[in-house]
Novice: 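Submitted below is the structure of interest, expressed as structure tokens.
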Amino acid sequence: MAVREIRKIMARLTLLGSSATLTDAHHDTTYMVVRGKHSSFLIDCGGSPFQRLQQAKAGLNSLEGLIITHRHADHIYGVPVLMQGLWLYGRERALTIYGPAQALQALKAIMDILGWQRWSGMFPIHFQEVPPTEGYVILESEEFTITSSPVRHLLPTIGLRIISRESGGVLVYSSDTEPCPEVVRLAQGADILLHESTGPHPGHSSGAQAGAVAREAGVKRLVLVHYPTLASDPQALLEEARLAFEGPVELGEDFATYEF
């Protein structure tokens, strides 16, 4: 009998929110935490991140950094309260915030208004710009390699490709974007694609368009995120995506976890 190799699953991503900007009582705006055995990284930052990280049982001490995909309010408005929470929690080691130049400028301005540099005993915050270059390596740790690509939104935005160095699994997050070749290349052959599905609007994608990207990229599984939760029909969104993509399709929900 042939022995089948069992791939180790050491990486997982938990959605801390799954909605587009207009949320309902059961969904927060789309942001997430990716975790390995020893480290974690937050991707975008809405709502009440300090609370939601604890609800997801993502250890606060393992948080190594924050990646911001763009500067729209629903993707960054939780940053000040996260920084304040970590400070009051007693964090001492530095935290790096990665993102496009425009996003980092906005965050620095917000934090400066709040006077974070005068908070007694505040831990160091480093800002690292991510250029609009396909295949740019944002970080490479013992557990993850995370690369980025510019995508097509209403302002400079990056999508992310996250590789587990333990399992070889690949998860891709489109962020806010229209369908474009850059996203298809970013998602090529991924195990899981988290693709926005706000609707067929400028800078965004419908469920059908997300399905078409998943099909063209040859991904194994499609998860729809950043979808409208007020007065929307999630089932219709799933059906239109399934018409375009024959693989597994599901609607991302707050606190859903994906191993890769």
Novice: With sequence neighbours excluded, tell me which residues meet side-chain contact (heavy atoms from CB on, under 4.5 Å) with Ala190.
Specialist: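 Ala190 satisfies side-chain contact (heavy atoms from CB on, under 4.5 Å) with Val170, Val172, Val219 only.
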Novice: Identify all side-chain donor-acceptor contacts of residues 141-151 below 3.5 Å with residues at least two apart in sequence or on another chain.
Specialist:
unit_1, atom_1, unit_2, atom_2, d
Ser141, OG, Glu143, N, 3.2
Ser141, OG, Phe144, N, 3.0
Ser141, OG, Phe144, O, 3.4
Glu143, OE1, His38, N, 3.2
Glu143, OE1, Ser39, N, 2.9
Glu143, OE1, Ser39, OG, 2.7
Glu143, OE2, Lys37, N, 2.5
Glu143, OE2, His38, N, 3.0
Thr145, OG1, Glu140, OE2, 3.4

Novice: Got a sec, which residues hit side-chain contact (heavy atoms from CB on, under 4.5 Å) with Gln235, two or more places apart in sequence or on another chain?
Specialist: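 For Gln235 the side-chain contact (heavy atoms from CB on, under 4.5 Å) partners, ignoring immediate neighbours, are Asp233, Leu238, Glu239, Arg242.
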Novice: Which residues pass the side-chain contact (heavy atoms from CB on, under 4.5 Å) test with Ser174, sequence neighbours left out?
Specialist: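 Counting only residues at least two positions away or on another chain, Ser174 forms a side-chain contact (heavy atoms from CB on, under 4.5 Å) with Thr177, Val183, His195, Glu196.
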Novice: Output every pair passing ring-ring contact (aromatic ring centres under 6.0 Å, His included) with a member in residues 166-194, not counting sequence neighbours, ordered by first then second residue.
Specialist: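 Applying ring-ring contact (aromatic ring centres under 6.0 Å, His included) to every pair that reaches into residues 166-194, excluding sequence neighbours, yields nothing.
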Novice: Quick one: list whatever passes salt bridge (Lys or Arg N to Asp or Glu O under 4.0 Å) with Glu182, sequence neighbours left out.
Specialist: Arg152
Novice: Pairs in or reaching into residues 50-65: which pass side chain to side chain donor-acceptor pair (under 3.5 Å), with residues at least two apart or in two chains?
Specialist: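 Every side chain to side chain donor-acceptor pair (under 3.5 Å) pair that includes a residue of residues 50-65, provided the two are not neighbours, is Ser40-Ser62, Arg52-Asp254, Glu64-Arg93.
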Novice: Using 30° and 60° as the class boundaries, would you call the ring planes of Phe127 and Trp116 parallel, tilted or perpendicular?
Specialist: perpendicular
Novice: Mind checking who shares a hydrophobic cluster with Leu154, ILVMFWY linked at side-chain heavy-atom distances under 4.5 Å?
Specialist: none
Novice: Any salt bridge (charged side-chain N to carboxylate O under 4.0 Å, His left out) pairs touching residues 104-113, not counting sequence neighbours?
Specialist: none
Novice: Apply side-chain contact (heavy atoms from CB on, under 4.5 Å) to Pro248 and list each qualifying residue two or more places apart in sequence or on a separate chain.
Specialist: Arg221
Novice: Can you name the residues that form a salt bridge (Lys or Arg N to Asp or Glu O under 4.0 Å) with Glu253, not counting sequence neighbours?
Specialist: none
Novice: Using the side chain to side chain donor-acceptor pair (under 3.5 Å) rule, collect all pairs that involve residues 119-130, keeping only residues at least two apart or in two chains.
Specialist: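 Those involving residues 119-130 do not exist here.
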